[in-house]
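Note that the coordinates shown come from a computational prediction; the quantities given were computed from them, not determined experimentally.
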Amino acid sequence: MDLLVQFQSLFYSFVYGFVMSGVYHIINRFLYKVPLFIRFILQIGIGIVFGFLYFYGLVVINDGILRFYFFIMIFIGYLFYQKYYAYYLLYYLEKIVFLIKRICSPFFFFFHKISVIIQKRVRKVKKKWQKNKDNQDLENS
């Protein structure tokens with residue numbers, strides 16, 4: 001492995017550690033209310049996908065040669081993300097989610113009102129059916 005390929009592999013490992021940490025952080029943020037067992041299974045699946053993507057990238061760059069210092073660069077990328085970017089990413093992610101909720105709130109309100117109207121109609125129909133059923137039982141006796 002020549003020096004240029006080695007440098008590309010190190011840079012790829014650093015960027016991959018940085019991006020992988022950010023994506024994992026975002027996915028965990030969205031899976032916060034999912035039950036623990038399902039979240040655990042999803043995290044294992046995400047880890048497998050991340051591992052496959054990393055190794056596939058190494059196959060493209062340097063024919064899949066794996067060195068110990070590549071893992072160190074992934075860890076340094078993770079630390080760099082945690083130290084400098086994690087707070088800002090979550091801050092802006094919360095702003096985006098808040099904005100999406102503000103935009104979608106009229107639609108939720110509208111569908112909630114329609115649902116209430118439908119539920120009232122269903123209750124009326126059930127009461128009417130119960131009355132008819134009771135009247136039929138009395139007539140058959």
Side-chain angles (χ1 to χ4, degrees), residues 1-140:
M1 182 168 29
D2 63 340
L3 189 59
L4 181 62
V5 171
Q6 199 166 6
F7 179 72
Q8 288 173 344
S9 300
L10 285 172
F11 184 71
Y12 171 71
S13 296
F14 175 78
V15 170
Y16 189 81
F18 183 84
V19 171
M20 177 188 64
S21 301
V23 171
Y24 187 74
H25 208 154
I26 290 171
I27 289 172
N28 263 348
R29 185 71 178 135
F30 285 127
L31 296 177
Y32 183 72
K33 292 189 178 185
V34 174
L36 189 62
F37 179 71
I38 295 171
R39 190 172 9 157
F40 181 69
I41 291 173
L42 288 173
Q43 286 176 347
I44 290 173
I46 291 167
I48 291 170
V49 169
F50 281 153
F52 177 75
L53 289 175
Y54 178 69
F55 189 71
Y56 182 74
L58 281 181
V59 167
V60 170
I61 292 173
N62 68 358
D63 298 328
I65 299 172
L66 201 57
R67 304 274 188 218
F68 179 70
Y69 46 84
F70 293 163
F71 293 114
I72 292 173
M73 287 304 289
I74 290 175
F75 184 69
I76 291 172
Y78 164 76
L79 291 178
F80 189 79
Y81 167 78
Q82 287 294 331
K83 178 72 175 162
Y84 297 109
Y85 290 100
Y87 173 76
Y88 300 110
L89 179 75
L90 286 180
Y91 175 76
Y92 288 115
L93 183 66
E94 292 295 327
K95 290 285 187 185
I96 290 170
V97 168
F98 177 74
L99 182 67
I100 290 172
K101 283 183 178 180
R102 285 294 290 262
I103 291 170
C104 294
S105 64
F107 299 110
F108 292 141
F109 177 76
F110 178 71
F111 289 123
H112 177 70
K113 288 296 182 186
I114 289 175
S115 175
V116 169
I117 291 169
I118 290 172
Q119 291 299 323
K120 285 180 182 178
R121 301 285 182 195
V122 166
R123 280 188 219 122
K124 282 183 179 179
V125 170
K126 280 185 179 179
K127 285 181 183 178
K128 189 174 181 180
W129 285 353
Q130 286 292 350
K131 267 187 188 178
N132 288 339
K133 187 177 180 184
D134 291 340
N135 289 338
Q136 286 177 357
D137 288 341
L138 289 175
E139 290 174 2
N140 291 336

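The two residues M73 and L10 have their closest heavy-atom pair at CG-CD2, 3.4 Å. Closest non-hydrogen pair, F71 versus L66, comes out as CZ-CD2, 3.7 Å.
Atom CG of N62 and atom CD of Q8 lie 9.0 Å apart (nearest 0.5 Å). In this structure, the separation between CD1 on I26 and CG on L93 is 5.5 Å, given to the nearest 0.5 Å. With rounding to the nearest 0.5 angstrom, the CD atom of Q6 is 9.5 Å from the CD1 atom of I65. Atom CZ of residue R123 and atom CD1 of residue I118 lie 12.0 Å apart, to the nearest 0.5 angstrom. Interatomic distance, CD1 of I103 versus CG of L99, reported as 4.0 Å (0.5 Å rounding). To the nearest 0.5 angstrom, S13 atom OG is 10.5 Å from I72 atom CD1.
Using the six-membered ring where Trp is involved, Y84 and F80 have ring planes that are tilted, between 30° and 60° apart. Aromatic ring orientation, H25 versus Y81: perpendicular (interplanar angle above 60°, classes split at 30° and 60°). Classification of the Y12-Y16 ring pair by plane angle, with boundaries at 30° and 60°, yields tilted.
By the neighbour-count criterion of 12 heavy atoms within 6.0 Å, atom OH of Y69 is densely surrounded, having more than that number from other residues, nucleotides or ligands.
Between I61 and F11, every side-chain heavy-atom pair lies at or beyond the 4.5 Å cut-off. With a 4.5 Å cut-off on side-chain heavy atoms, V59 and F55 count as touching.
Aromatic ring centres of F70 and Y54 lie farther apart than the 6.0 Å criterion allows.
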Q: Show your working on side chain to side chain contact (heavy atoms under 4.5 Å, CB included) between I46 and F50 and close with a plain yes or no.
A: CA-CA 6 Å; I46 291 167; F50 281 153; 3.3 Å; yes

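Defined by atom type and a distance below 3.5 Å, a donor-acceptor pair is present between the side-chain atoms of N28 and Q43.
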